[in-house]
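Following: one structure in structure tokens, then a few remarks.
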Amino acid sequence: MANFVITIDGPAASGKSTVARLLAERLGASFLDTGAMYRAVTLAAIEACVDMSDEEKLLSVLNNRKFQFTVREGRMAVCIDGVDVTERIRRQEVTANARYVASAARLREKLVEMQREFAAREKKIVTEGRDQGTVAFADANIKFYLIADAAERAKRRQIELRAKGSSENLEQIQKAIEERDKSDEDRAVGPLKPAEDAIVVDTTNLSIEEVVEKLFCFVEENA
Ligand code: DC
């Protein structure tokens, strides 16, 4: 395992990914976006027309394709069999179907193993997801759990989507976010919940910069 591990977990659109990336940059640490792993397997399964509720078939997608996760210009880059899918894994269809991969126990086990291998190669790492502080790195040095009101998260997601040319209304976005929260919280394996020793940060009224500053100060004082 890396010498120093910081985990950031939290619900969809809580700002984890951006915060984790910027915090890693400030700390000179590596960064792992574990959602990208679930998304990559989901994309490969969709493209292979696999029945998403068939865990065995999903597992064979993970075992038979070559997934590569690297950090490029501070961001998580993903390749499947040598093809760059970094942009494609962000598609709406992938977001909507990732819950199948996320609730497949044996897939999670394998992805957690890959996350630990990734971390083992780094001296210092900031890793974000849903189960990083509870399962993947239960003995992490520092654990954060970011929360924000669903309405605020929907607003943030709408800004992101608009920048990509999508015009979904706020109500639809909030509904999708709440459905994802429920699916993440109710799953039997690796459910979304704060680790007992996580520092919970409510980001509803904070900018990204303020959240990063808060986390950075905490790390500086407690590392
Ligand atoms: O954070 P994200 O939206 O990129 O996550 C994509 C999906 O993967 C989402 O359905 C939650 C799931 N996920 C998970 O179950 N465990 C993680 N550690 C990270 C993501």
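In this text, all values refer to a predicted model and were calculated from it rather than measured experimentally. Atoms within a ligand are numbered from 1 in the order they appear, just like the ligands themselves.
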min-distance protein heavy atom vs atom 6 (C) of ligand 1 -> R39 NE, 3.7 Å
Distance alone, cut at 3.5 Å: any donor-acceptor contact between the side chains of R39 and T95? yes
Please lay out, stage by stage, how E128 and S17 fare under the test side-chain hydrogen bond (donor to acceptor under 3.5 Å, both in side chains). CA-CA 7 Å; E128 64 97 348; S17 203; 3.1 Å; yes
Distance to 0.1 Å, residue and atom name: give those for the protein heavy atom nearest to atom 12 (C) of ligand 1. A102 CB, 4.0 Å
Sidechain N-carboxylate O distance under 4.0 Å for E179, R99: no
I need the nearest protein heavy-atom contact for atom 8 (O) of ligand 1: residue, atom name and distance, please. Y38 CB, 3.3 Å
Give a yes/no verdict on whether any heavy atom in R180 is under 4.0 Å from an atom of ligand 1. yes
Is it true that K57 and D51 make a salt bridge, defined as a side-chain N closer than 4.0 Å to a carboxylate O? no
Which residue and non-hydrogen atom of the protein lie closest to atom 20 (C) of ligand 1, and at what distance in Å? G35 CA, 3.5 Å
Does a salt bridge link R65 with D81, judged by any charged N lying under 4.0 Å from a carboxylate O? yes
Report yes or no: does R108 have a heavy atom closer than 4.0 Å to ligand 1? yes
Please report whether ligand 1 has a polar contact with T34, defined as an N or O pair separated by less than 3.5 Å (distance criterion only). yes
Return the closest protein heavy atom for atom 18 (N) of ligand 1 as residue, atom name and distance. D131 OD1, 2.8 Å
Please confirm whether E128 comes under 4.0 Å of ligand 1, counting heavy atoms of the residue only. no
Quick check on contacts: which atoms of ligand 1 are under 4.0 angstrom from a heavy atom of D184? 11 (C)
Relative to ligand 1, is M37 under 4.0 angstrom through side chain, backbone, both or neither, heavy atoms considered? neither
Is it true that R187 and D131 have a side-chain N and a carboxylate O under 4.0 angstrom from each other? no
State, without any angle test, whether Q174 and E178 hold a side-chain donor-acceptor pair at a distance under 3.5 Å. yes
Report the nearest protein non-hydrogen atom to atom 7 (C) of ligand 1: residue, atom name, distance rounded to 0.1 Å. A98 CB, 3.7 Å
